[in-house]
Asks: 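Below you'll find the structure I mean.
As the structure is a computational prediction, the values presented were derived from the model and not from experiment.
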Amino acid sequence: MVDLKGLKELIESISKERNLPRLAVQSAIREALLKGYERFRRAQNLERKQFDEDYFNNFDVQLDVEDEGFRVVATKTIVEEVTNSDHEISLKQVQEMGGDEAQLGQEVVLDVTPDQGEFGRMAAMQTKQVLAQKLRDQQRQMVQEEFQDLEGTVLQARVLRFERQSVIMAVSSNFGQPEVEAELPKREQLPNDNYRANATFKVYLKRVSQGQQRGPQLLVSRADAGLVVYLFANEVPEIEDEVVRIVAVAREANPPSRYVGPRTKIAVDTLDRDVDPVGACIGARGSRIQVVVNELRGEKIDVIRWSPDPATYIANALSPARVDEVRLMDPETRQTHVLVAEDQLSLAIGKEGQNVRLAARLTGWKIDIKDKAKYDYAAEDAKFAETRAQHASEEFDEVEEILEEEVTPTETQIHEEIPLEKFSPEQLSEQIVNLEQEKTELLQENEIFETTKEESV
C-alpha cells in the first residue's frame, strides 16, 4: 500500500470547500490515482508495448481512508499459458499462491501496487491535474442533477460579483443544498434594478447548461415573462386554486428606446361567473398588483380580460385606450383595423408604439390603429378585396400549373412521364370542373371589386 498522509483531512477540506459529498470526493481521488498509475506504467514501459485506450480498464484503485493509503489492483483471467501478464495469470501461479480450487477461465483480483518511491513525480503531477478536473466534473454533475427539474421556476438569488456586463448571483435549490453560482446576462436584466453586492432578487431559471464550459451553469433572468406569471400566481390565491387562469403574457422588459420604460400586458380569464379575474389580480385598492410592481421595480402592468371573441379581446388588449370599433379585415392573415377617436390615438399607440406592439403580441393579430373620423370604409374594403383577389388568383395559377405538370409530360420528364392511365376520367373531369368553378368565382369577385372601385371614385 502506498501511504497518503493527511488523506482524511484532504477529503474533509475538499468536501467543504467545493460543497461535494465525501463519497464523491473519494471517487474523484480514486480516478485521479488510477490515471497517475497509468502514467507511471507508460513511463516505465521499457519493452515499448502499445497501450490501447482501454488497456487499463481491468485496473482499479482501492482507497483506504482510515489507514490513509491506496492500493492498485488488477483483475486477471486464469489461463494455461500467459501472453499478457497485465491481463492474464497462469493456473500454476494461482495454485502456488494458495488457489487450489482455481480453474481455467476464472478471474482473480491481484495487488499490483508499485513501491512507495517508484510512483514518481510525473505520476503525482498527473494525479493532481486529473483530480482537479474530476472534482470540477463532479460539481457540474451535481448542479445539473439538482437544478434540472427546476427549469422554468423562480428562485431567490443574491448578487456576488460582476463579470463584464453579467451579474454573477448565488442561488439555492431550496432543498437544503449549498448555494451555487448563476449568470444574469445584460439582456436578462431590468433597467430599474440596482445590482449592488449582496442585494437579493427573485430570478427566473431559464436554462441549466450541460457540457464542460467554464463559468456558471445556470442562466437566470429578470426579464422573462415567466417571472411575471410566477409573481401573480404567488400573490393571487385564485390563480393558485385555478379559479383564475393566465391565458397570455406579453412583456417588454428592455424596450428598444431608453425613453420608454418596461411594460407588461397580461390576459386573464375565469369560468366562475361570480369571480372578476381582473379584480382578483389587482386586489383591493391595488394591493396585489402593487406587490408585483414593487418586485419588478415599478414596471407598468396592464391586466386585461381575455375573450374568445377576437374583436373584444383586441379592444381589451389596447387598454387603457378607449376603442370605438374593431374591424377584422382578414381573419386568415389576422389583420385588423382598430378605430379610435382622435384624442385616443396617442394612447392606443403608446409611447414609441409600445402599447399597440404589446397588444399585437398578446393577441396574435396585426393591429393597425386608425382615426375613426378620417376612416374610409369603402376604400379600405376595396383595398383588402383587391389583395384577397390577387392572392386567390395566384393560388389558382399555382393549382393550374401543378395540374398541367401532372397531366402533361414536360420536356424534362421524357424519361419519367406520368401515364394518363394513372388518373381515371372521373378524377380528371372533377378537377377540371373545380378549376372552372374557382375561375368563375374569381371573375365575379373581380367584377364586384371594379364596381366598388368606380363608385368610390
Side-chain angles (χ1 to χ4, degrees), residues 150-160 162-171 182-196 199-209 216 218-236 239 246-268 278 281-283 286 288-304 306 316-321 347-365 367:
L150 294 176
E151 278 188 3
T153 62
V154 173
L155 305 172
Q156 192 73 18
R158 179 172 53 87
V159 176
L160 292 178
F162 305 91
E163 291 184 0
R164 296 194 178 101
Q165 292 186 319
S166 295
V167 180
I168 306 302
M169 314 184 86
V171 298
E183 181 185 5
L184 180 68
K186 177 68 176 177
R187 65 181 180 277
E188 302 295 344
Q189 299 171 17
L190 292 184
N192 294 335
D193 279 344
N194 182 13
Y195 298 105
R196 63 184 186 280
T200 58
F201 298 91
K202 286 184 174 67
V203 295
Y204 182 82
L205 180 57
K206 291 193 71 171
R207 188 174 70 248
V208 180
S209 302
L218 308 182
L219 180 70
V220 295
S221 172
R222 288 275 293 166
D224 197 278
L227 179 60
V228 180
V229 173
Y230 168 84
L231 293 173
F232 271 103
N234 193 52
E235 196 62 34
V236 181
I239 295 178
I246 297 174
V247 181
V249 180
R251 190 180 186 200
E252 197 169 76
N254 288 293
S257 170
R258 62 191 181 94
Y259 300 106
V260 183
R263 190 170 184 175
T264 296
K265 285 185 181 288
I266 180 169
V268 294
V278 176
C281 292
I282 293 175
R288 290 176 176 176
I289 196 172
Q290 193 58 47
V291 174
V292 179
V293 170
N294 290 342
E295 176 61 36
L296 300 178
R297 304 302 189 265
E299 183 172 322
K300 290 182 180 179
I301 300 177
D302 299 329
V303 182
I304 63 108
W306 177 84
N316 293 344
L318 287 167
S319 172
L347 192 60
I349 296 172
K351 189 180 288 186
E352 298 191 10
Q354 186 184 57
N355 191 57
V356 69
R357 191 163 57 242
L358 286 173
R361 283 191 215 162
L362 192 72
T363 60
W365 283 74
I367 301 173

Asks: Considering residues at least two apart in sequence or located in another chain, which fulfil the side-chain hydrogen bond (donor to acceptor under 3.5 Å, both in side chains) criterion with R158?
Replies: E179, N198

Asks: Compare every heavy atom of L318 with every heavy atom of A359, then report the nearest pair and how far apart it is.
Replies: CB-CD2, 3.7 Å

Asks: Quick one: list whatever passes salt bridge (charged side-chain N to carboxylate O under 4.0 Å, His left out) with E252, sequence neighbours left out.
Replies: R357, R361

Asks: Hey, are the side chains of L190 and F201 touching, using non-hydrogen atoms and a 4.5 Å cut-off?
Replies: no

Asks: Contact between L296 and R251 at the side-chain level, heavy atoms closer than 4.5 Å - yes or no?
Replies: yes

Asks: Roughly how far, to the nearest 0.5 Å, is CZ of R288 from CG of L231?
Replies: 14.5 Å

Asks: Tell me, please, which residues at least two apart from Q189 pass side-chain hydrogen bond (donor to acceptor under 3.5 Å, both in side chains).
Replies: none

Asks: Would you compute the distance between atom CG of L160 and atom CG of L184 and round it to the nearest 0.5 angstrom?
Replies: 12.0 Å

Asks: Between D224 (side chain) and Y204 (backbone), is there a donor-acceptor pair under 3.5 Å?
Replies: no

Asks: When you compare the side chain of Q156 with that of T200, does any pair of heavy atoms fall below 4.5 Å?
Replies: yes

Asks: Would you check if C281 and V292 make a side-chain contact, meaning some heavy-atom pair closer than 4.5 Å?
Replies: no

Asks: List in chain and number order the residues that pass salt bridge (charged side-chain N to carboxylate O under 4.0 Å, His left out) with E295, two or more places apart in sequence or in another chain; answer none if no residue qualifies.
Replies: R222

Asks: So, using side-chain hydrogen bond (donor to acceptor under 3.5 Å, both in side chains) as the criterion, who are the partners of R263 when residues are at least two apart?
Replies: D302, N355

Asks: Taking the side chain as every heavy atom from C-beta outward, state whether V228 and I246 have any atom pair closer than 4.5 Å.
Replies: no

Asks: Please name the pair of heavy atoms, one in V203 and one in M169, separated by the smallest distance, quoted to 0.1 Å.
Replies: CG1-SD, 4.0 Å

Asks: Can you tell me how far apart CG (L358) and NZ (K300) are? Round to the nearest 0.5 Å.
Replies: 11.5 Å

Asks: Nearest heavy-atom pair of L150 and L205: which atoms, and what distance?
Replies: O-CD2, 3.5 Å

Asks: Output the distance between atom CG (N294) and atom CD1 (I289), rounded to the nearest 0.5 Å.
Replies: 11.0 Å

Asks: If the condition is side-chain contact (heavy atoms from CB on, under 4.5 Å), which residues does R207 pass it with, not counting sequence neighbours?
Replies: E151, S209, L219

Asks: To the nearest 0.5 Å, what is the distance between CG (N192) and CD (E299)?
Replies: 8.5 Å

Asks: Quick one: does F162's side chain get under 4.5 Å of Y195's, heavy atoms only?
Replies: yes

Asks: Using every non-hydrogen atom in the two residues, find where K265 and A317 come nearest and quote the distance to one decimal.
Replies: NZ-O, 3.0 Å

Asks: Taking the side chain as every heavy atom from C-beta outward, state whether P255 and E352 have any pair of such atoms under 4.5 Å apart.
Replies: no

Asks: Report the distance from atom CD of Q290 to atom CD1 of I301, rounding to the nearest 0.5 Å.
Replies: 9.0 Å

